[in-house]
Number of protein chains: 2
Amino acid sequence: MRALPMFADLDAASFEAITLSAFLQRFPANTQLLLEGDTVDFLYVLLDGQVELSGTWNDRETVLAVLRPVSTFILAAVVLDAEALMGARTIERSDILMIPGAAIRARMADDAAFAVAIARELSGCYRGLVRSIKNQKLRTGVERLANYLLQLHARANGDTFELPHEKRVLASLLGMTPENLSRAFGTLRPYGVAVNGAEVRLTLLADLRRLAKPDPLIENQAAHHARPIAEFEAEMLATRRTA
Amino acid sequence: MRALPMFADLDAASFEAITLSAFLQRFPANTQLLLEGDTVDFLYVLLDGQVELSGTWNDRETVLAVLRPVSTFILAAVVLDAEALMGARTIERSDILMIPGAAIRARMADDAAFAVAIARELSGCYRGLVRSIKNQKLRTGVERLANYLLQLHARANGDTFELPHEKRVLASLLGMTPENLSRAFGTLRPYGVAVNGAEVRLTLLADLRRLAKPDPLIENQAAHHARPIAEFEAEMLATRRTA
DNA sequence: CGCGCATTTGAGGACTGTCAACTTCCGTGG
DNA sequence: CCACGGAAGTTGACAGTCCTCAAATGCGCG
């Protein structure tokens, strides 16, 4: 928990007040944690596993973000004591810390340092969403995929890495259908993108970069090695630790 | 300034600390206030006029939100003391209050109530963006326009109202080209949408609603009459008071 | 009155979604 | 250990949506 910037500098009293009311729960894969419109009673902290945040409308569904540890989610709904705007479900077995929303709000009111930490966390989430919208509105599907692959590559040590989720989840995250993702991979083959199952290998990096045109104002910055987990494991180019 | 929930309950000391360092400036129409990537020294508060927030990439540009008074913008960048992810320019003559970011951050650290107010404001902005992404990813252009018109209609008293900005700005906000917006209006004619310049009249409301399928988890809620301006004048279905 | 810009309209093409069939992969159970 | 069933992924054909380019129209301001 202290790995999260949000709780890292919490003083002893606040830390105790929060941990005492919190509890840890293990969920199997494919468990719906929250439906859109649910009232939100807890702040969720993903400690292990993977959680997908989704939105639906008119029988259509889209993945808004895929979270990896350590990440919080639905923080904004907790702060406002409002209903969830996104659904959440585990996509693999996950350990999740659940902190009563009332405890969070009470601590914020009493502890300015904690409230500031929450505000900073929210700001980071907000900026992630801004990046996500720019990614979505300004780029085509192939361009989004190319940039996504370059981000994964930057975190790998070699030029080979694994896609961290199923392709149909990835497709929805990138705003396209699974069929289209398949074709987008095909389109990128001349740019040195070799796919074999979940394994991806990038040769011709320069060509791929010329196509992708990654931009620090859209891509999430590569984490500084100082901050270990939260920043590093960030999943989407755009929407990390969301709510 | 007290009209903003953010500053409404500020105690006298904090209010003075902030207002003393702030200053009011009047900008003509079409003035670039901020470029993407600029370092952000001030929190902006739009008191009168209209401001457009935009994103660019690879010679493409999109409007992310259009703000109307009273709204703050680039709050997230101020909280994190980070560079702007969006550009900002006035689209009509505007009165803007500029508050040094350092003052905001200092007050947050000292005044838990103020930090909580900021966190709540950020949460509202965050949820606006979530709505915006769902609107963008789950709906077609025609559906976005239909819902946008219904939102404007809900704020008008009769069934006739004016589009609040140029059609090319509206097109970009809705994620399409001006040509396509024109055709989208044409597509909606059989649903009782009559356009004459900036004036729009909706007959056949039921038909339009059946097409648009407005959803409280995507559309911004109609404001409660208690809170007068900020909520009411909110421009985009999705992205209000952004940064 | 006339120029310039916003808007509209048309034609064509690029991108993306849908439907259907096929292949591959993987876990279950015999 | 292997066969089977089901889901995931791929491929092809087709349609819908959206963008680009070009030209025409309309409106406002000097």
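Every chain is numbered from 1 and lettered A, B, ... according to where its sequence line falls, protein lines coming before strand lines.
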In whole Å, what is the span from the [atom1] atom of [X] to the [atom2] atom of [N]?
X	N	atom1	atom2	answer
A:Lys137	D:dC18	NZ	P	13 Å
A:Arg139	C:dC15	CZ	P	16 Å
B:Gln136	D:dT17	CD	P	16 Å
A:Arg168	D:dA7	CZ	C1'	8 Å
B:Asn30	C:dA6	CG	C1'	14 Å
A:Leu163	D:dA8	CG	C1'	14 Å
B:Leu188	C:dT8	CG	P	13 Å

- Message: By the 4.0 Å heavy-atom rule, please label B:Glu179 as base, sugar-phosphate, or nothing.
- Response: base
- Query: How is B:Gly141 classified with respect to the nucleic acid when contacts are heavy atoms under 4.0 Å: base, sugar-phosphate, or nothing?
  - Reply: sugar-phosphate
- Message: Is it the case that the side chains of B:Thr90 and B:Gln50 hold a donor-acceptor pair, with the cut-off being a distance below 3.5 Å and no angle test?
- Response: no
- Does A:Arg183 get its side chain close enough to the base of D:dG12, under 3.5 Å, for a donor-acceptor pair?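 Flag set: donor-acceptor pair detected.
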Answer yes or no: does a side-chain N or O of [X] lie under 4.0 Å from OP1 or OP2 of [N]?
X	N	result
A:Thr177	C:dG17	yes
A:Asn180	C:dG17	yes
B:Ser182	C:dT7	no

- Item | Test salt bridge (charged side-chain N to carboxylate O under 4.0 Å, His left out) applied to A:Glu219 and A:Arg131, A:Arg139, A:Lys213, A:Arg144, the passing residue | A:Arg139
- Do A:Leu35 and A:Asp38 have side chains that get closer than 4.5 Å, going by heavy atoms?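 In contact.
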- Check whether any side-chain N or O of B:Arg201 sits under 3.5 Å from a backbone N or O of B:Thr160 as a donor-acceptor pair, and report yes or no. no
